2 protein chains.
Amino acid sequence: MSDLFTPADFEESGAGPLYVQLHRLIAEAIASGRLKPGDSLPPERDMAAMTGLSRVTVRKGVEALVASGQLVQKRGSGTFVAPRVERLEQALSLLTSFTEDMARRGRRVESRWIARGLHAPAPEEVMALGLGAGDRVARLERVRSSDGVPLAIERASLPAALLPDPEAVEASLYAVLEARGSRPVRAVQRISAANLGPRDAELLGVPTGVAGLRIERVSYLPSGQVVEFTRSLYRGDAYDFAVELKLAPQNQDNAAERIAP
Amino acid sequence: MSDLFTPADFEESGAGPLYVQLHRLIAEAIASGRLKPGDSLPPERDMAAMTGLSRVTVRKGVEALVASGQLVQKRGSGTFVAPRVERLEQALSLLTSFTEDMARRGRRVESRWIARGLHAPAPEEVMALGLGAGDRVARLERVRSSDGVPLAIERASLPAALLPDPEAVEASLYAVLEARGSRPVRAVQRISAANLGPRDAELLGVPTGVAGLRIERVSYLPSGQVVEFTRSLYRGDAYDFAVELKLAPQNQDNAAERIAP
DNA sequence: TAGTGGTCTAGACCACCAA
DNA sequence: TGGTGGTCTAGACCACTAC
């Protein structure tokens with residue numbers, strides 16, 4: 001490992017800014033398997049000496065690899081190749097709760113509550129939930145983990161009429177809704193990607209800037225009333241969403257047209 | 001705008017590293033509307049003087065906002081609040097091509113070809129396409145844009161038997177497949193998020209590290225043969241995928257079980 | 001040409017971890 | 001206690017843009 005960055009190697013490593021060259025050198029070492037998960041990199045000061053760069057430049061070269069989750073830095077300890085994270089796959093075409101979904105594949109689910117209570121609704125919530133004047137909203141915010149690994153942040157808003165006592169929700173929101181006879185039967189989700197901000201990244205235990213999957217879900221009762229408006233952030237490196245597509249039908253009365261006319 | 005960063009403001013701006021404080025200050029100014037799209041920030045050297053920080057620290061504070069697309073930096077010109085990018089929404093439950101999808105909402109589509117040809121398959125392609133010994137693979141790599149804005153990178157692999165002449169593909173791959181009588185009727189997609197590497201970021205005209213939506217699609221003929229194996233990267237800030245969910249049925253023979261048993 | 005962001009340096013101090 | 005990463009500085013040169 002100490003022969004990773006001889007000054008000679010570094011000279012030949014191609015064009016571009018020095019920190020990009022270093023980034024490429026390390027990324028290739030990981031991709032080729034010369035650096036394996038759990039391996040440690042030389043200390044930053046050593047890498048600087050070996051390459052002839054300043055420590056600031058070395059850190060800049062390493063930065064993107066840390067941000068993308070390929071390297072892990074531990075203060076006081078060192079820089080390591082990240083362990084392989086097992087990707088979980090979730091089927092997108094079914095309306096299930098996180099708890100149910102994990103249970104189905106035999107995983108324990110832990111929830112850490114960040115906030116739980118009744119509030120005056122934000123304008124966004126009034127819109128999404130179709131609230132009237134004076135209506136209150138139940139908010140649930142928690143970090144979902146499986147086997148000790150944080151996987152997602154979930155921020156749910158429901159009309160207080162449907163969930164007057166948010167404190168009653170323990171593991172599964174849908175279980176509580178089911179008991180109250182207001183389990184949703186239909187939902188529309190929007191999926192996009194975003195870099196995690198400092199707060200969200202800390203909640204998920206990853207560096208700021210890592211790519212996350214952002215999912216907005218609006219769920220409906222059979223009557224058409226909105227049950228929940230949930231914004232979730234999943235770790236991009238730990239989650240896959242899978243969906244099956246069918247050939248676009250010619251008739252106009254299908255789900256897609258309702259979603260994106 | 002020049003009163004954004006008085007030393008006084010900065011003193012009160014709370015705890016944490018200095019660059020985080022600066023980041024928060026700017027982020028709040030954008031969120032609150034005090035900084036609007038198109039507005040310019042003071043030059044880095046000026047911000048350093050106004051806050052009492054070094055320029056390196058100012059750059060570090062701005063960095064995350066540039067990576068997440070909220071700010072745009074132009075060498076020789078300045079730092080600006082990013083224009084609002086109109087988010088496009090794509091329905092996930094239908095099997096349509098990019099070209100058809102855009103046409104349906106009245107948008108022009110441009111494709112820039114990066115590569116197009118017949119090759120010996122990579123192991124990954126042999127697996128996904130179910131190729132036999134000696135089979136060749138047609139590869140199509142292009143950047144998809146709409147109204148001049150790059151939206152996605154598309155890397156498609158097909159059995160050469162189904163597409164012996166990749167050069168024949170112009171705008172729509174599915175149109176060519178349709179003409180050859182081998183248009184897919186079913187597909188399975190996997191969606192995740194990833195930070196864009198330098199190469200992909202450059203193709204999409206965004207900074208390295210921005211969050212992108214990564215989509216892997218495998219499409220099938222009615223016979224069950226695989227038609228295409230496509231890996232796409234969408235700009236996370238420009239694309240939403242929408243999908244409608246239904247209540248999970250109790251029977252075991254449904255799409256989700258086939259996708260994620 | 002003057003001003004901007006992009007890169008890079010040498011050196012410093014701190015917080016944290018492991019022996 | 002010694003070594004690690006985390007933060008920060010003052011100053012330099014370059015490439016590019018706008019005038």
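Every chain is numbered from 1 and lettered A, B, ... according to where its sequence line falls, protein lines coming before strand lines. Because the structure is a prediction, the values reported are computed rather than measured.
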(message) Taking only side-chain N and O atoms of B:R59, does any of them lie within less than 4.0 angstrom of OP1 or OP2 on C:dG6?
(response) yes
(request) Taking B:E125 for its side chain and B:A122 for its backbone only, find out whether a donor-acceptor pair lies under 3.5 Å. (result) yes
(request) Can you figure out which of D:dA10, C:dA15, D:dC8 approaches the side chain of B:V56 most closely? (result) D:dA10
(message) Whole angstroms only, please: what is the CZ-P distance between B:R75 and D:dA18?
(response) 13 Å
(request) Quickly work out the B:E44 CD to C:dG6 C1' distance and round it to whole Å. (result) 8 Å
(request) Provide, to the nearest angstrom, the distance between the CD atom belonging to A:E202 and the P atom belonging to D:dG6. (result) 14 Å
(message) Which is more 5' along DNA chain D, the nucleotide nearest A:Q73 or the one nearest B:K74? Just name the residue.
(response) A:Q73
(message) When you measure from the side chain of A:D39 to the backbone of A:K36, do you find a donor-acceptor pair of N or O atoms at a distance under 3.5 Å?
(response) yes
(request) With DNA chain C as reference, determine whether A:V20 or A:R55 sits nearer its 5' end, using the nearest nucleotide of each. (result) A:V20
(request) Would you tell me if any nitrogen or oxygen in the side chain of B:T57 comes within less than 4.0 Å of OP1 or OP2 on D:dT9? (result) yes
(request) Measure from NZ on B:K60 to P on D:dG5 and round the result to the nearest Å. (result) 14 Å
(message) Between P on C:dG5 and CZ on B:F80, what's the gap in Å once rounded to a whole number?
(response) 8 Å
(message) At less than 4.0 Å, is any side-chain N or O atom of B:Y19 found next to OP1 or OP2 of D:dC8? Yes or no.
(response) no
(request) Would you check if the distance from the ring center of B:F241 to the ring center of B:Y234 is below 6.0 Å? (result) yes
(message) Can a side-chain donor-acceptor contact be found between B:S232 and B:R144 if the only test is distance below 3.5 angstrom?
(response) no
(message) So, OP1 or OP2 of C:dT9: does either fall under 4.0 Å of a side-chain N or O from A:S54?
(response) yes
(request) For A:G76 and for B:R45, find the nucleotide of DNA chain C with the closest heavy atom, then tell me which residue's nucleotide is more 5'. (result) B:R45
